[in-house]
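It should be emphasised that the depicted structure is a prediction, and the values quoted were computed from it without experimental measurement. Chain A is the first sequence line, chain B the second, and so forth, proteins listed ahead of strands; every chain is numbered from 1.
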Protein chains: 2
Amino acid sequence: MNTIDVALICKALSDSNRLQILQLLTEGELCACELLEHFKITQPTLSHHMRVLSECELIQNRKDGTKMFYSVNCETLTAFRNLIGELVCKK
Amino acid sequence: MNTIDVALICKALSDSNRLQILQLLTEGELCACELLEHFKITQPTLSHHMRVLSECELIQNRKDGTKMFYSVNCETLTAFRNLIGELVCKK
DNA sequence: CCTATACATAGATATATGTCAATATATAGG
DNA sequence: CCTATATATTGACATATATCTATGTATAGG
């Protein structure tokens with residue numbers, strides 16, 4: 001993961017709705033309909049946010065019947081967390 | 001620091017130039033003219049980026065003669081790093 | 001089949017953003 | 001004072017983004 005990848009993930013997390021979605025998903029898998037209940041946005045807007053989070057590979061999805069279940073992509077999140085963790089103030 | 005603050009910092013770091021600026025500044029204080037040498041952008045564009053980084057309090061500045069020296073705001077960076085560090089995949 | 005549910009896509013709109021050229025401001029040196 | 005250097009500000013422009021309404025698609029149940 002390089003600087004551009006990290007910037008892309010930061011962009012995905014630069015919206016507070018998406019940041020909260022990721023926080024919710026770290027607790028476990030949720031379907032779009034469950035996520036939607038937590039926000040004051042419409043279903044298409046949530047769908048847009050899920051796409052943004054998917055495109056930078058922060059989350060993955062699984063279809064079950066009519067429901068789409070989303071979960072954290074642990075590999076990407078861990079790599080991102082580690083790179084941000086290296087931003088240490090050397091004073 | 002709440003979710004909105006974290007999202008604001010992520011937005012500041014969603015540009016790869018700004019992310020690299022922060023990385024450079026973690027190594028120590030630099031003036032704008034020194035920072036400018038690292039990028040293929042004009043001076044006004046750099047000035048704009050420094051303002052964005054300043055507005056979310058990721059960096060601070062100090063004037064010395066005609067030069068403006070920038071450095072990391074350790075308190076903000078540490079708080080941000082810790083909050084991102086809490087985004088752990090619970091599988 | 002028909003309908004309801006869950007989700008995605010398309011299109012529109014207002015706003016934000018990254019960039020530059022041009023200009024303004026401030027300071028140091030002679 | 002005048003000039004050079006360093007930086008900030010302004011204004012313009014093209015692009016991206018967050019959001020909505022309307023519509024399409026797929027699946028489950030009767």
Residues 47-57 of chain B side chain polar contacts: donor-acceptor under 3.5 Å, at least two apart:
{"residue": "B/H49", "atom": "ND1", "partner": "B/R18", "partner atom": "NH1", "Å": "3.0"}
{"residue": "B/S54", "atom": "OG", "partner": "B/M50", "partner atom": "O", "Å": "2.8"}

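- The side chain to side chain donor-acceptor pair (under 3.5 Å) analysis of residues 31-42 of chain A, with sequence neighbours excluded, yields the pairs A/T42-A/T45.
- Residues that satisfy the side chain to side chain donor-acceptor pair (under 3.5 Å) test with A/E27, not counting sequence neighbours, are B/K90.
- Residue A/I59 contributes atom CD1, which lies 12 Å from atom P of C/dC7 at whole-angstrom precision.
- Among the atoms of the strands shown, none is found under 4.0 Å from any heavy atom of B/F69.
- Taking atom NE2 of residue B/H49 and atom P of nucleotide C/dT17, one finds them 12 Å apart after rounding to whole Å.
- Comparing A/G65 and B/L46 by the nucleotide of DNA chain D that holds the closest heavy atom to each, the one mapping nearer the 5' end is B/L46.
- Think of the region where chain A sits on DNA chain D: with heavy atoms and a 4.0 Å cut, that region ends 5' and 3' at D/dT17 to D/dA28.
- With sequence neighbours left out, the side chain to side chain donor-acceptor pair (under 3.5 Å) criterion links B/E29 to B/R62.
- Over its length, the helix from C/dC1-D/dG30 to C/dG30-D/dC1 turns its helix axis by 20°, as judged from the five terminal pairs at each end, rounded to 10°.
- When side chains are defined from C-beta on, B/I59 does not count as touching B/N73, because their heavy atoms never get closer than 4.5 Å.
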Result block: side-chain N/O donor-acceptor pairs under 3.5 angstrom for residues 77-85 of chain A, not counting sequence neighbours:
{"residue": "A/T78", "atom": "OG1", "partner": "A/C74", "partner atom": "O", "Å": "2.8"}
{"residue": "A/T78", "atom": "OG1", "partner": "A/R81", "partner atom": "NH2", "Å": "3.3"}
{"residue": "A/R81", "atom": "NE", "partner": "B/L87", "partner atom": "O", "Å": "3.0"}
{"residue": "A/N82", "atom": "ND2", "partner": "A/T78", "partner atom": "O", "Å": "3.3"}

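- Hydrophobic cluster membership differs between A/L13 and A/L8, with clusters built from Ile, Leu, Val, Met, Phe, Trp and Tyr side chains linked at under 4.5 angstrom.
- The side-chain heavy atoms of B/Q20 and B/F39, taken from C-beta on, include a pair separated by under 4.5 Å.
- Separating the CG atom of A/D64 from the P atom of C/dT5 is a distance of 18 Å, rounded to the nearest angstrom.
- Here the side chains of A/L58 and A/V72 are not in contact, with every heavy-atom distance at 4.5 Å or above.
- When the side chains of ILVMFWY residues are joined at heavy-atom separations under 4.5 Å, either directly or via intervening members, B/V6 and A/V88 end up in two distinct hydrophobic clusters.
- Among pairs with a residue in residues 2-17 of chain B, none fulfils side chain to side chain donor-acceptor pair (under 3.5 Å), at least two apart in sequence or across chains.
- Counting any heavy atom pair closer than 4.0 Å across all strands shown, A/H48 reaches a base atom.
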Report the C-alpha distance between A/I9 and A/T76 in whole Å, list the side-chain angles of each, state the deciding distance to 0.1 Å, and finish with yes or no for side chain to side chain contact (heavy atoms under 4.5 Å, CB included).
-> CA-CA 9 Å; A/I9 292 179; A/T76 304; 3.7 Å; yes
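- Rounding to whole angstrom units, CD of residue A/E55 and C1' of C/dA8 are separated by 13 Å.
- Applying the side chain to side chain contact (heavy atoms under 4.5 Å, CB included) rule to B/K67 yields the partners B/C31, B/C33, B/F69; only residues at least two apart in sequence or on another chain are considered.
- A heavy atom closer than 4.0 Å to some atom of DNA chain D occurs in no member of residues 11-21 of chain B.
- One interatomic measurement links the two molecules: OH of A/Y70 to C1' of C/dA6, which rounds to 10 Å at whole-angstrom precision.
- For DNA chain C, the neighbouring residues in residues 32-45 of chain A, judged by any heavy atom under 4.0 Å, are A/A32, A/C33, A/Q43, A/P44.
- Dashed line: the shortest gap from a side-chain N or O of A/S47 to OP1 or OP2 of C/dA8 is under 4.0 Å.
- Evaluation of the side chain to side chain donor-acceptor pair (under 3.5 Å) rule for A/E75 yields no partner, not counting sequence neighbours.
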